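Written below as structure tokens is the structure these notes are about.
Residue numbers start from 1 in every chain, and the chains themselves are labelled A, B, ... in the order their sequence lines are given, proteins ahead of strands. Everything numeric here is computed off the predicted structure, so don't read it as measured data.
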2 protein chains.
Amino acid sequence: MVEYALNLDYIFASLADSTRRDILRRVSSQELSVGEIASPYDLTFAAISKHLKVLEKAKLIIKRRRGKEQMVRLSPQALANVDKYLEAYRRLWEERLDSLENYLKETEE
Amino acid sequence: MVEYALNLDYIFASLADSTRRDILRRVSSQELSVGEIASPYDLTFAAISKHLKVLEKAKLIIKRRRGKEQMVRLSPQALANVDKYLEAYRRLWEERLDSLENYLKETEE
DNA sequence: TGCATATTCAACCATATAGTTGAATGATAC
DNA sequence: GTATCATTCAACTATATGGTTGAATATGCA
């Protein structure tokens, strides 16, 4: 319960930064080393290392050592928790979309 | 584009606080005044007012004046954007759930 | 062992955030 | 207009966050 709430704190805080969202996107399709992750950004390795720490604390990524590199990949479970969180609200925005659709349909006629 | 990204920054940052998530939950079923929103929490009005500012900037809530009160309600659209953001990842955690299901099914046999 | 490569840690700085208190504003009621 | 109720603003404090630099650690290789 509390665990779950804390987890959402970490997950949402992680996702609130566009560099971290970009990292997530990139590791979602393939495992990358920390160096590979860092290279496109105009930031120090240490900064990227910190971003990865944040993502790791939120359990959004998993790191494993491969030789001298640390390999990083997405752990989709945390995002599934976000989806679960949204569940309670889905009906609300779908209703709104429905009424917009109806409105458009009626306007067509 | 940039607008959308900034929006996600604000939305996720808003959701990273359990008081704000609780406020969202409470205004999702009914419109509440700022005072009604504040009453269950052990925080000053000013603190709640700030939380509402954060939620408003993220377009998660809408305020309107009713007499001397400000009434607050959920604006579900911003959450629909989160759902849209998750879209790209849904396949990934569903695959994982599927393989867990298969594993359990096979273990049963 | 010693060197190079990959990554992290420690210390520090600047800015943002979450809270407080007390004054200020807006709207209604008298 | 004045008092009152509801809310916000301003100023301040403490802590968190995102970045830097330079030293430290971990692994692989000669």
Original post:
Separation of A:Glu69 atom CD from D:dT25 atom C1', in whole Å?
Top reply: 17 Å

Original post:
What's the closest nucleotide to the A:Lys68 side chain, out of C:dT21, C:dT28, D:dT27?
Top reply: D:dT27

**OP:** Could you say whether A:Asp17 or A:Arg66 is positioned toward the 5' end of DNA chain D, judged by the nucleotide with the nearest heavy atom to each?
**Re:** A:Asp17

Original post:
Are B:Lys50 and D:dA10 close enough that a side-chain N or O sits under 4.0 Å from OP1 or OP2?
Top reply: no

Subject >> Nearest-Å distance for atom pair CG/C1', residues A:Leu55 and C:dT7 >> reply: 16 Å

Original post:
Atom NZ of A:Lys57 and atom C1' of D:dT17: how far apart are they, to the nearest Å?
Top reply: 11 Å

Original post:
Taking atom P of D:dG18 as reference, at what distance in whole Å does atom CZ of B:Phe12 sit?
Top reply: 15 Å

Original post:
Are any of A:Lys53's side-chain N or O atoms less than 4.0 Å away from OP1 or OP2 of D:dT17?
Top reply: no

Original post:
Got B:Ser75 and B:Leu60 here, is their nearest side-chain heavy-atom distance under 4.5 Å?
Top reply: no

Original post:
So, is B:Ser49 near the phosphate of D:dT7, with a side-chain N or O under 4.0 Å from OP1 or OP2?
Top reply: no

Original post:
Within the structure, does a side-chain N or O atom of A:Arg65 lie under 4.0 Å from either OP1 or OP2 of D:dT27?
Top reply: yes

Original post:
B:Tyr41 OH to C:dA18 P: how many Å, rounded?
Top reply: 15 Å

Original post:
Could you give the distance from CG (B:Leu74) to OH (A:Tyr89), rounded to the nearest 0.5 Å?
Top reply: 7.0 Å

Original post:
CZ of A:Phe45 versus P of D:dA23: gap in Å, rounded?
Top reply: 18 Å

**OP:** May I ask you to say what A:Leu43 touches in the nucleic acid, namely base, sugar-phosphate or nothing, with a heavy-atom cut-off under 4.0 Å?
**Re:** sugar-phosphate

Subject >> Euclidean distance, B:Arg73 CZ relative to B:Leu32 CG, rounded to 0.5 Å >> reply: 12.5 Å

Original post:
Can you tell me how far P of C:dT17 sits from CG of A:Asp9, to the nearest Å?
Top reply: 15 Å

Original post:
Do the side chain of A:Arg64 and the main chain of A:Met71 share a donor and acceptor less than 3.5 angstrom apart?
Top reply: no

**OP:** Just call it for B:Ala13: base, sugar-phosphate, or nothing, with non-hydrogen atoms closer than 4.0 Å on any strand.
**Re:** nothing

Subject >> 5' priority, DNA chain C, between B:Asp42 and A:Leu52 [closest heavy atom] >> reply: A:Leu52

Original post:
Any link between A:Val54 and A:Val27 through a network of hydrophobic side chains (Ile, Leu, Val, Met, Phe, Trp, Tyr) touching at under 4.5 Å?
Top reply: no

**OP:** Kindly point out which of C:dT7, D:dT8, D:dT21 is positioned nearest to the side chain of A:Thr44?
**Re:** D:dT21

Original post:
So what does B:Thr19 touch, heavy atoms closer than 4.0 Å: a base, only the sugar-phosphate, or nothing?
Top reply: nothing

Original post:
Does B:His51 put a side-chain nitrogen or oxygen below 4.0 Å from OP1 or OP2 of C:dG19?
Top reply: yes

Original post:
Please give, in whole Å, the distance from D:dT7 P to B:Glu56 CD?
Top reply: 13 Å

